[in-house]
Amino acid sequence: MKMKKTILATMVLMALVACKSNVKPTAEVIDLPRAETPDDVAAAMEGFFNEAEADSMDIHSVMIVKDGSVIYSRWQSQGVDSVPHVLHSVSKTFTATAVGLAIADGKMALTDKVVDFFPDKLPTEVSQNLKDMTVRDLLTMTCGHDVEPSLRDAAQHDWVTLFLAHPVEHQPGTFYLYNSLGTYVLSAIVQQVTGQKVVDYLTPRLFEPLHISKPRWEESPQGINCGGWGLYLTTEDLAKMGQLLLQKGEWNGQQLIPAEWVAEMSKKQVESINPGTRIEQAEERGMTVETSDWMQGYGYQMWRCRPGCFRADGARGQYIIVVPDKNAVIAITSDVEDLQGELNLVWDCILPVL
C-alpha cells in the first residue's frame, strides 16, 4: 500500500510539472521609468486639480512623461491605475496606426478607392463622388459626407453597407466632417487586407513591444473592431503610445511605426472645425482659431493643438497630448463636458512647468 501511494504521488507530481511546462507565460507588463516629481510640477498639478474641481470637471487620471520618465501621476474618482479606461475616439489614432502599418506592409495604399474593397456592399447606384473616395479621405475625415452617417439602426444592418449607402454630397478631399463610421470602414479595410482584426494585427506590432496587455476593443455585429471608438487601455498605456509617437515610432531600438507615418499622422493635413459644426456655427458659439483647439487642423485621425503640439482625442476628455518642444507627453482620462476648458487647464497649468 505504501509503495502504491508513493507511485501515485510521483505520478501526480509529474503531471503537475507537465502541466506547468505547457502553460505559456503571460505577457510581462513593464512600466515606464519613474523620476522624482519636481516641486513646481507638484504645485502646478495641485492647482490643476483644484481648478478642475471648482469647474466640476471629473478628472480620473493624469500622467506626465518628461524626457522619457514619468514625473507625475495621479488617479482619483473613477480612475484606477490598473483598470483600462474607455477611450472613445482616442481609438481612432490606433486604427490610423494599423492603416500605416498595413501600408508599410504593402497591403494597401492611401490612394486605394474605398469601393474597390467592398464590391458586394455597394448601393444600387454608385455616385462618382463615392467612386472617387480614397483611404486618405477616410483618414482625414474628408470622405464627402455632408452629415455624419447614423448608427441608429445599426443592429439590423451591415455597418459598411450603411456607410456606402450614405449620400456623398461633396467631392472627397474637399469637405471636412468628423466621421466615426468612416474610421470603422478603415478598420474593416485593415481586417480585409490583413485577415486580422485591428486589435490582433496591432498586438505583435505595437501592444506587445510596448508591454501593453492585449486590450479589449468593441466590435460590430459583423465581427470588426469599431475602429473609431470602443478601445480600452490604462493611463500608462496611453502614455506609452504618446511616448512612441514622440520618439517618431521608435521604441528600444525598434522602429515600430515608420517615422514618416508618424509625421503624416501628426501634421495638419486638412483644415478642421469643431466636430459636427459648420464654420459659421462655430463663430456663433464664439469659437475662433485663437481660442479653439478644434480649429487647428486635422491629420490622420489626430488633432493639432494651439501650443504647437498634437493629440489623440476622445469624448468626455480622454487625451494623449504629445508636446515635442518640451519632450513631453500628457495622458488624461476623465468624464468632462467642457473639453476645451479641460485643455485650457493643461495649457495654463501644466505646459509652463514642463
Side-chain angles (χ1 to χ4, degrees), residues 31-90 93 232-243 245-246 266 274 286-288 290-296 302-354:
D31 292 338
L32 290 164
R34 260 54 178 178
E36 187 174 348
T37 303
D39 291 341
D40 59 346
V41 172
M45 292 310 300
E46 196 65 29
F48 173 92
F49 279 100
N50 287 339
E51 288 194 43
E53 183 178 3
D55 291 337
S56 300
M57 293 185 188
D58 186 9
I59 307 295
H60 293 172
S61 69
V62 177
M63 179 173 284
I64 303 173
V65 184
K66 171 72 173 174
D67 299 328
S69 295
V70 176
I71 61 169
Y72 181 88
S73 59
R74 173 172 166 175
W75 288 262
Q76 62 174 27
S77 183
Q78 301 301 308
V80 180
D81 59 352
S82 60
V83 177
H85 196 282
V86 61
L87 302 184
H88 299 301
S89 287
V90 169
T93 297
Y232 291 75
L233 291 172
T234 67
T235 310
E236 183 128 5
D237 296 338
L238 297 181
K240 288 178 179 179
M241 183 61 174
Q243 187 65 27
L245 296 172
L246 178 64
S266 60
N274 197 51
M287 294 172 58
T288 67
E290 290 72 32
T291 62
S292 174
D293 285 291
W294 280 266
M295 298 178 72
Q296 306 307 308
M302 299 197 80
W303 296 88
R304 295 296 304 179
C305 306
R306 284 177 296 155
C309 47
F310 59 93
R311 73 187 187 277
D313 181 314
R316 312 299 298 180
Q318 326 312 317
Y319 294 117
I320 304 173
I321 302 170
V322 182
V323 192
D325 66 342
K326 303 285 189 180
N327 199 30
V329 172
I330 305 165
I332 303 175
T333 63
S334 61
D335 185 13
V336 168
E337 290 186 11
D338 184 4
L339 303 186
Q340 185 61 69
E342 185 178 11
L343 284 177
N344 289 344
L345 280 183
V346 174
W347 311 147
D348 294 342
C349 296
I350 301 178
L351 279 195
V353 296
L354 294 181

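No experiment lies behind these values; they were computed from the predicted model shown.
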Original post:
Are Leu343 and Trp294 close enough that some pair of their side-chain heavy atoms sits under 4.5 Å apart?
Top reply: yes
**OP:** Would you give the length of the straight line joining atom CE of Met45 to atom OG1 of Thr37, rounded to the nearest 0.5 angstrom?
**Re:** 10.0 Å
**OP:** Compare every heavy atom of Ala239 with every heavy atom of Leu32, then report the nearest pair and how far apart it is.
**Re:** CD1-CB, 3.8 Å
Subject >> Donor on one side chain, acceptor on other, Asp293 and Gln340, under 3.5 Å >> reply: yes
Original post:
Step by step, would you call Asn327 with Leu246 a side-chain contact (heavy atoms from CB on, under 4.5 Å)?
Top reply: CA-CA 7 Å; Asn327 199 30; Leu246 178 64; 3.4 Å; yes
Original post:
Atom OG of Ser292 and atom CG of Leu339: how far apart are they, to the nearest 0.5 Å?
Top reply: 10.5 Å
Subject >> side-chain contact (heavy atoms from CB on, under 4.5 Å) between Leu354 and Ile71, intermediate numbers included >> reply: CA-CA 10 Å; Leu354 294 181; Ile71 61 169; 4.3 Å; yes
Subject >> Validation row: Gln243, Val65 side chains within 4.5 angstrom (heavy atoms) >> reply: yes
**OP:** Search all heavy atoms of Cys349 against all heavy atoms of Glu51 and return the closest pair with its distance.
**Re:** SG-OE2, 3.8 Å
Original post:
Hey, what do you get for CD1 (Ile59) to CD (Glu53), rounding to the nearest 0.5 Å?
Top reply: 11.0 Å
Subject >> Check against side-chain contact (heavy atoms from CB on, under 4.5 Å), Leu87 and Leu233 >> reply: CA-CA 7 Å; Leu87 302 184; Leu233 291 172; 3.8 Å; yes
Subject >> Contact summary for Cys309 and Ile321, nearest pair of heavy atoms >> reply: SG-CG2, 4.1 Å
Original post:
Looking only at heavy atoms, what is the nearest atom pair of Ser334 and Gly317, with distance?
Top reply: OG-O, 2.6 Å
**OP:** Fit a plane to each ring of Phe49 and Tyr72, take the angle between them on a 0 to 90° scale, and name the class: parallel (under 30°), tilted (30 to 60°) or perpendicular (over 60°).
**Re:** tilted
Original post:
Under 4.5 Å between any side-chain heavy atoms of Asp81 and Thr234, yes or no?
Top reply: no
Subject >> Student check: side-chain heavy atoms of Ile350 and Ile64 closer than 4.5 Å >> reply: yes
Subject >> Contact check, side chains of Val346 and Val62, non-hydrogen atoms, under 4.5 Å >> reply: no
Subject >> Atom pair CZ (Arg316) and NE2 (His88), whose distance is rounded to the nearest 0.5 Å >> reply: 7.5 Å
**OP:** May I have the step-by-step check of side-chain contact (heavy atoms from CB on, under 4.5 Å) for Tyr319 and Ile330, ending in yes or no?
**Re:** CA-CA 8 Å; Tyr319 294 117; Ile330 305 165; over 6 Å; no
Original post:
Which heavy atom of Val70 sits nearest a heavy atom of Ser73, and at what distance?
Top reply: CG1-CB, 4.3 Å
Original post:
Between the side chain of Gln318 and the main-chain N/O of Ser89, is any donor-acceptor distance below 3.5 Å?
Top reply: no
**OP:** For Asn50 and Glu46, indicate whether the former's side chain and the latter's backbone hold a donor-acceptor pair under 3.5 Å.
**Re:** yes
**OP:** Please assess Glu342 against Arg311 for the test salt bridge (Lys or Arg N to Asp or Glu O under 4.0 Å), listing each intermediate value before the final yes or no.
**Re:** CA-CA 13 Å; Glu342 185 178 11; Arg311 73 187 187 277; over 6 Å; no
Subject >> Heavy-atom check, side chain of Met63 versus side chain of Trp75, under 4.5 Å >> reply: yes
Original post:
Hey, what do you get for CZ (Phe310) to CD1 (Ile320), rounding to the nearest 0.5 Å?
Top reply: 10.0 Å
**OP:** Please identify each residue that fulfils salt bridge (charged side-chain N to carboxylate O under 4.0 Å, His left out) with Arg74, with sequence neighbours left out.
**Re:** none
**OP:** To the nearest 0.5 angstrom, please state how far the CE atom of Met241 sits from the OG1 atom of Thr93.
**Re:** 6.5 Å
Original post:
Between Asp335 and Asp58, is there a donor-acceptor pair closer than 3.5 Å when you use the side chain of the first and the backbone of the second?
Top reply: no
Original post:
Are more than 12 heavy atoms from other residues, nucleotides or ligands located less than 6.0 Å from atom CG of Asp39?
Top reply: no
Subject >> Close side-chain approach of Pro352 and Trp347, heavy atoms under 4.5 Å >> reply: no
Original post:
Between Asn344 and Asp338, is any pair of side-chain heavy atoms under 4.5 Å apart?
Top reply: no
Subject >> Distance-only side-chain donor-acceptor flag, Ser61 / Gln76, under 3.5 Å >> reply: no
**OP:** Return the minimal non-hydrogen interatomic distance between Glu290 and Arg306, and the atom names on each side.
**Re:** O-NH1, 3.2 Å
